[in-house]
Amino acid sequence: MLRDVYTLPTSCTTPPTVVAPGAKPIRSCYIRARTLCVVTENTQQSNHSAPELPTQYTPADVEGPLYERWVERGYFEADEKSDKPPYTVVIPPPNVTGSLHLGHAFEHTLIDALTRRKRMQGHETLWQPGMDHAGIATQNVVERELAKEGVSRHDLGREAFVERVWQWKNESGGQISGQMRRLGDGVAWSRERFTMDEGLSKAVQTIFKRLYDDELIYRAERIINWCPRCLTAISDIEVEYQDDDGELVSIRYGDVEGAEQSDSTEGGGGRRAGASIVVATTRAETMLGDTAVAVHPEDERYAHLIGTEIELPLTGRRIPVVADEHVDPEFGTGAVKVTPAHDPNDFEIGRRHDLPNLAVLDERGVITAHGPFQGLDRFEARSAIVGALRAEGRIVAEKRPYTHSVGHCSRCKTTIEPRLSMQWWVKVGPLAKAAGDAVRDGRVAIHPKEMESRYFGWVDNLHDWCISRQLWWGHRIPVWYGPNGEVVCVGPDDEAPTGEGWTQDTDVLDTWFSSGLWPFSTLGWPEQTPSVGKFYPNSVLVTGYDILFFWVARMMMFGLYAMDGTPPFHTIALHGMVRDQFGKKMSKSFGNAVNPLDWMDAYGSDAVRFTLARGANPGVDVPIGEDWVQGSRNFANKIWNATRFALMNGATVEGDLPPAEQLSAADRWILSRLNSVVAEVDAHYDDYQFAKLSDTLFHFAWDEVFDWYVELSKTTFMAGGPAAEVSRRVLGEVLDVTLRLLHPIVPFVTETLWTTLTGGESVVIADWPKDSGFRDAAAEREIETVQQVVTEVRRFRSDQGLQPGQKVPAQLELTGTALAPHEAAMRSLLRLQPAGEGFSATASLPVAGAKVALDLSGTIDVEAERKRLTKDLGAAEKEKAQATAKLGNEAFLAKAPEKVVDKIRGRLEAAEADIVRITAQLAALPTA
RNA sequence: GGGCGCAUAGCUCAGCGGUAGAGCGCUGCUCUUACAAAGCAGAUGUCGGCGGUUCAAAUCCGUCUGUGCCCACCA
């Protein structure tokens, strides 16, 4: 036993209490929550006293207390007075009433990894935390809560309702911060912000006033997207279009009688003036509000009707036939009913022809027009009206189902109702131009680059942004209306007008208005705080491509506008969406949504983070399955145990690394590889290639360090002497650096192991590894050869059915090869005993210039061996044939680069040598 | 209707001009003194179809098929 472990009723942080009599604690070390590992004098007497770790890695025990310790020590706080170069990333603020899902866990992992690395690199790092009030979404959530109590927001009244939302916010906001802590997010908690905070509200008001004064905000009556359930306007991008089945009906307007002879597929334009005209629509109920029929100006079928009036069925009204370019003569009958108050296109046509806007639906989508349909819901009205028209013989064609694209409210999925109303707008033209230019001229880079076209496509074709919402939860529009029609926009330092008849606008702002200011409002803007100076612009924005338009483009517009042309960040790194293990979108209704906490409980936060990072190819969706998280947990366990091994064998970070001439080939090989990996990981970080850097580290750590270097070092340690001392230092070095490289992705397990290994305060504030430039190609080749021989002999053993542990007497002929110094290691890895008395080789394996003769004390399985060799021979011959063909191709020799030709020549030589070797081996096999 | 992307091992994905890769899964043997959440060995692909460019194509070009996403005012 190297140590004594006592179970104590307290955690590690309390002073160690000695339970076992006689044991004298010398040093306590980090351990499971309720177990304290005590290194005693007893331990000191053994060869290598080492702090001990439990044999199995238990994430919950390891992760528990670390995070709060980091926070207490202030590692994550950012000092605006620091001389260090700044590195700023803002959190894409989650909805305050929500909870984090795997998508957040993914995003946070990436941001946390970036900021942890930069912190280690010596930057003054700010990961800005905070939450979004998420106007409509939050209001809906609270309204649903109220509905359970049988109360509506109108019962409460505005003030009480808003009070209620704040209450809700205070309750649920903590959930997100808890989840972030659990994930390990290294955010500057003291700077946490909320979009409805006083300061941020002031920023909103400031920017509103400025835009208003610059005439970039205006109020106008337009057709907007109206949600009849949320009872508010929403912007274009809050509308989700999906194909719905509807019914396309063709309705004859005008005289029914006059239709007889012209009833045809041509739509019955009729040759007689004043006869009739057939229009097609999917929204029959809006016909009550029709104020015209439009045809294309050059459509000869209807030329005679233009300028005349025609009877609108069911209403007794007569409406004009107008000519408008918008109409596509090829579509349907070539004639369109025009409802300016309920369709954006019709509104435009109406404007061009001075048509009246006749609203026939109220804010809930109920018919208001006097008559038999009044009071019907829009969908009921549709069938009722079609029925009535059919009774009059006016339905000339029906197409059902007719699939067409219908807008839905992105928050509640209710079918959008285009509605004419007075709203506030941002004139985006100049703002969007600047936002586009900043990317075009390279001041802001978008990763991956393919996403740029999407960005341009949007900012270059932007309609004005409707920013007013008929909600109660949000920033109230700072405009006051006077008794005599005065309109006053109130800035943050202005006094709001008081007195008889003055009222404030009742609408609030679109939630994205305030989140568009996030990169600087969180820093204290509009005050010129030191933080604004230090941390603006942000270094990089990490977010999903799904909110490129909602959020990113708005931040660009506002950032450039408010901060005198300085874009809010230099780089936009877009990530994909998290999907399930089959690549399906995660959704609650489909039942494949995962609560990240469940997986963190089962496998640890590190495992969840590593899995997500490993799947993070830029801009591409990330599938994740529980099996994969399990695999990552296994990786963490592997790191854990490798470090345990190292500690038990006295790996150390004390003192300088021995000079190269004292190092073994294995030492030089692993250090050479280590430095290559440092360089590789850095390059991947700089390119936001999280999947690649995670994969690089995974394979380096597991395959090279743990499976080879550690295995090789066992022999060295066993032998003892100066070589073992050197190797202990190298192993310490390799683990130290590897743990530091891994830390940004798997912060918890690396913190535990690194502090135990090095005795350092925390890996969070350790230096990020630097490529020392040390490379040793010769050592790399040498170890690769060792690996080749070992693998080949292992294969032989396996094919021969030898048990892995079975010792086999063997002779190794290594003289004259670089392998001689590795004989002991090879014997150990291959379970080969010295060839003693009566050694009689039954198999001889020539490989890579060496020869390994084995005594299997008996006959070998000739058939298995023959099969194996035959297969190898086949492969070698195929290789030879391919290479020969290539080298026989003159065009190839003439045009291919010398490097490639040499490579093929090398391959041919190797194949030929293999053929000779294998043929000889085959010939040497005893015949059956 | 426009635009972008993707089709590679059973699954999810890398590779993007010079001998097909990873993780998981699968087969066999093993508790070989860090780890069975492990070790070792192994199997598996006409790189969606068809044309073209090239000495050389999974990789570049065209085309077809399938599939996903974004945008758009198709009544």
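Proteins get letters first, then strands, A, B, ... in listed order; numbering begins at 1 in each.
At B/A41, one or more side-chain N or O atoms of A/T791 fall inside 4.0 Å of OP1 or OP2 (strictly under the cut-off). Note on A/K714: every side-chain N or O is 4.0 Å or more away from OP1 and OP2 of B/U32. Between A/K584 and B/U12 there is no side-chain N or O to OP1 or OP2 distance below 4.0 Å. Look at A/N649 and you won't find any side-chain N or O under 4.0 angstrom from OP1 or OP2 of B/A34. Between A/W702 and B/G39, a side-chain N or O to OP1/OP2 separation shorter than 4.0 Å is present. Distances shorter than 4.0 Å separate none of the side-chain N or O atoms of A/Q581 from OP1 or OP2 on B/C11. Distances shown here put every side-chain N or O of A/R831 at or beyond 4.0 Å from the OP1 or OP2 atom of B/U32.
Across the protein-nucleic acid pair, A/Q689 atom CD and B/C13 atom C1' stand 14 Å apart, rounded to whole Å. In this structure, CG of A/N617 is placed 14 Å from C1' of B/C16, rounded to the nearest angstrom. If you measure from atom CD of A/Q630 to atom P of B/A37, you get 9 Å, rounded to the nearest angstrom. To the nearest angstrom, C1' of B/C70 lies 16 Å from CD of A/Q242. For the pair A/F645 CZ and B/U33 P, the interatomic distance rounds to 12 Å; values are reported in whole Å. Atom C1' of nucleotide B/G15 and atom NE2 of A/H684 are separated by 12 Å, given to the nearest angstrom. Atom OH in A/Y241 sits about 18 Å away from atom P in B/C69, given to the nearest Å. In this entry the distance linking CZ of A/R797 with P of B/A41 reads 12 Å, nearest Å.
For B/G15 and B/G21, the P atoms lie 15 Å apart once the distance is rounded to whole Å. Rounded to whole Å, the P atom of B/U12 lies 16 Å from the corresponding atom of B/U67. Only the C1' atoms considered, B/U65 is 30 Å distant from B/C24, to the nearest whole Å. The C1' atoms of B/C73 and B/C16 are separated by 40 Å, rounded to the nearest whole Å. Taking atom C1' on both B/C47 and B/U8, the two are 4 Å apart, rounded to the nearest angstrom. Between B/A36 and B/G42, the distance separating the two P atoms is 23 Å to the nearest Å. Spacing between B/U46 and B/U30 at atom C1', rounded to whole Å, works out to 38 Å.
The side chain of A/F549 has B/C71 as its nearest neighbour among B/C35, B/G42, B/C71. The listed nucleotides are B/C69, B/A22, B/A75; the one nearest the side chain of A/H404 is B/A75. Closest to the side chain of A/K871, out of B/A43, B/A37, B/G42, is B/A43.
A distance of 5.5 Å separates CZ of A/F717 from CZ of A/F645, quoted to the nearest 0.5 Å. The structure places CG of A/L753 at 13.5 Å from CZ of A/F748, a figure rounded to the nearest 0.5 Å.
A donor-acceptor contact under 3.5 angstrom links the side chains of A/T339 and A/K337, judged on distance only.
Side chain A/E792 to base B/A41: no donor-acceptor pair is found below 3.5 Å. Residue-to-nucleotide contacts include a donor-acceptor pair under 3.5 Å from the side chain of A/R633 to the base of B/A37.
Heavy atoms of A/R907 sit under 4.0 angstrom from at least one base atom.
A ring-centre distance under 6.0 Å is not found for A/H575 and A/Y545.
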